[in-house]
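Each remark here refers to the structure printed beneath this line.
Chain letters run A, B, ... following the sequence lines, proteins first and then strands; every chain starts at 1.
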There are 2 protein chains.
Amino acid sequence: MIEHVPVKGLQRSQLSKRTGCNIETIRYYENIGLMPEPPRSAKGYRLYDETHVRRLRFILRSRELGFGIDEIRGLLDLVDRKAQTCAEIQERTKPHLAEIRAKIADLRRIERLLARTLAQCSGEDVPECPVLEALAS
Amino acid sequence: MIEHVPVKGLQRSQLSKRTGCNIETIRYYENIGLMPEPPRSAKGYRLYDETHVRRLRFILRSRELGFGIDEIRGLLDLVDRKAQTCAEIQERTKPHLAEIRAKIADLRRIERLLARTLAQCSGEDVPECPVLEALAS
DNA sequence: CATAGCTCCTGTAGTCACTACAGGCTCAAG
DNA sequence: CTTGAGCCTGTAGTGACTACAGGAGCTATG
């Protein structure tokens with residue numbers, strides 16, 4: 001009569017399905033200390049609960065918004081300390097927003113250059129291509 | 001009377017200075033076959049010339065424009081074959097431009113979301129932060 | 001009861017585009 | 001002759017995963 005009642009808790013694949021996170025990535029986040037080590041079943045299987053689902057969603061959402069692992073570690077520390085204030089969060093988020101804006105500006109510059117060069121390109125079978133010339137210059 | 005006249009040609013550090021390319025990166029490009037193996041001096045020092053300068057500039061410019069190593073390999077193949085046509089170049093450049101535009105769209109979405117959330121943030125010492133709530137949701 | 005096929009466990013290697021380092025040789029200046 | 005820079009090589013580290021190898025366990029079917 002040991003463990004006849006199925007141990008409640010989500011296994012790795014269930015957590016993966018619930019969050020859309022790659023199954024290997026979950027273990028990776030555990031290894032680097034973003035996800036806590038979950039309790040284990042008698043046979044050593046990881047057993048997750050709703051707190052893990054929420055934490056993983058937080059991480060994934062932050063990644064989507066372009067935060068790096070270390071930045072997320074910082075945000076999670078604030079959450080865990082429960083001492084976070086709006087001011088602290090702003091302090092971390094504002095430079096991140098600035099970075100994203102810089103990346104956008106960069107890409108737009110590249111896009112303009114590439115589009116302009118392509119527009120000069122006849123698309124015919126001539127051996128002189130303005131794109132290559134732009135790259136070589 | 002061996003090699004009294006300095007062997008003409010640029011050494012790695014000179015090529016690095018002329019192109020702005022990190023000195024280690026030059027060897028890396030050689031290892032992966034983007035840069036050709038240059039001739040060597042009697043003692044085995046690499047000796048570059050203007051053709052190497054031009055090729056490296058082409059590579060660096062392409063990287064700046066966001067082309068991956070394999071894409072550059074493709075462009076260089078076209079250049080080397082001397083059989084390139086505008087049509088071939090367009091074929092390779094158009095999808096790349098589309099990728100860049102997709103990345104811009106992505107980043108703009110992220111930027112809007114982050115900016116909107118930050119705008120709701122009072123910056124005061126309250127423990128409920130709309131940014132964290134947005135991340136957790 | 002046995003076997004098949006799935007999921008789980010672990011550690012490790014591969015990805016991309018570099019960058020850095022260790023250990024040894026060469027070269028020019030002082 | 002010594003010092004310090006620059007060259008050579010191979011290898012390891014970066015970030016954020018992703019994939020694989022080798023072994024154990026679970027469940028369903030014959």
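- Applying the side chain to side chain donor-acceptor pair (under 3.5 Å) test to R18(A) and every residue at least two apart in sequence or in another chain returns E50(A).
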If you look only at distance, which donor and acceptor atoms sit under 3.5 Å apart when one is on a side chain in residues 98-108 of chain B and the other is two or more places apart or in another chain?
unit_1	atom_1	unit_2	atom_2	d
R101(B)	NE	E111(A)	OE2	2.9
R101(B)	NH2	E111(A)	OE2	2.8

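- A search for salt bridge (Lys or Arg N to Asp or Glu O under 4.0 Å) contacts involving R92(B) returns nothing, not counting sequence neighbours.
- Linking Ile, Leu, Val, Met, Phe, Trp and Tyr residues whenever their side-chain heavy atoms come within less than 4.5 Å leaves L60(B) and I23(B) in two separate clusters.
- No engagement by F67(B) is indicated, since no non-hydrogen atom pair under 4.0 Å with the nucleic acid exists.
- Of the residues in residues 93-106 of chain A, none has a non-hydrogen atom less than 4.0 angstrom from any atom of DNA chain D.
- At a non-hydrogen distance threshold of 4.0 Å, nothing from residues 49-59 of chain A comes into contact with DNA chain D.
- For T25(B) and dA17(C), the shortest distance from a side-chain N or O to OP1 or OP2 is not below 4.0 Å.
- Residue pairs that meet the ring pair (Phe, Tyr, Trp, His ring centres under 6.0 Å) test with at least one member in residues 14-36 of chain A, sequence neighbours left out, do not exist here.
- Sorted by first and then second residue, the ring pair (Phe, Tyr, Trp, His ring centres under 6.0 Å) pairs with a member in residues 93-117 of chain B read F67(B)-H96(B); sequence neighbours excluded.
- A search for side chain to side chain donor-acceptor pair (under 3.5 Å) contacts involving Q14(A) returns nothing, not counting sequence neighbours.
- For the pair I72(A) CD1 and dA16(D) P, the computed distance is 8 Å after rounding to whole Å.
- In this structure, I32(A) places its CD1 atom 14 Å from C1' of dT18(D), rounding to the nearest Å.
- Summarising the geometry, the separation between CD1 on I69(A) and P on dT18(D) is reported as 11 Å, rounded to the nearest angstrom.
- A search for side chain to side chain donor-acceptor pair (under 3.5 Å) contacts involving R55(B) returns D80(B), not counting sequence neighbours.
- By the side chain to side chain donor-acceptor pair (under 3.5 Å) test, R27(B) is found to be paired with no residue, residues two or more places apart in sequence or in another chain being considered.
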| note | Expected string for nucleotides 1-14 of chain C under the B/S/- scheme (protein heavy atoms, under 4.0 Å, primed atoms plus P, OP1, OP2 as sugar-phosphate) is ------BSSBB---
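- Y28(B) places its OH atom 19 Å from the P atom of dC21(C), with the value rounded to the nearest Å.
- Distance L34(B) CG to dA17(C) C1': 11 Å, rounded to the nearest Å.
- Under the 4.5 Å side-chain heavy-atom criterion for Ile, Leu, Val, Met, Phe, Trp and Tyr, L97(B) and L78(B) are members of the same hydrophobic cluster.
- Remark: R46(A) pairs with E30(A) by the salt bridge (Lys or Arg N to Asp or Glu O under 4.0 Å) rule, at least two apart or across chains.
- Using a 4.0 Å cut-off, some side-chain N or O of Y29(A) falls inside it from OP1 or OP2 of dC17(D).
- Atom CG of L65(A) and atom C1' of dA16(D) are 17 Å apart (whole Å).
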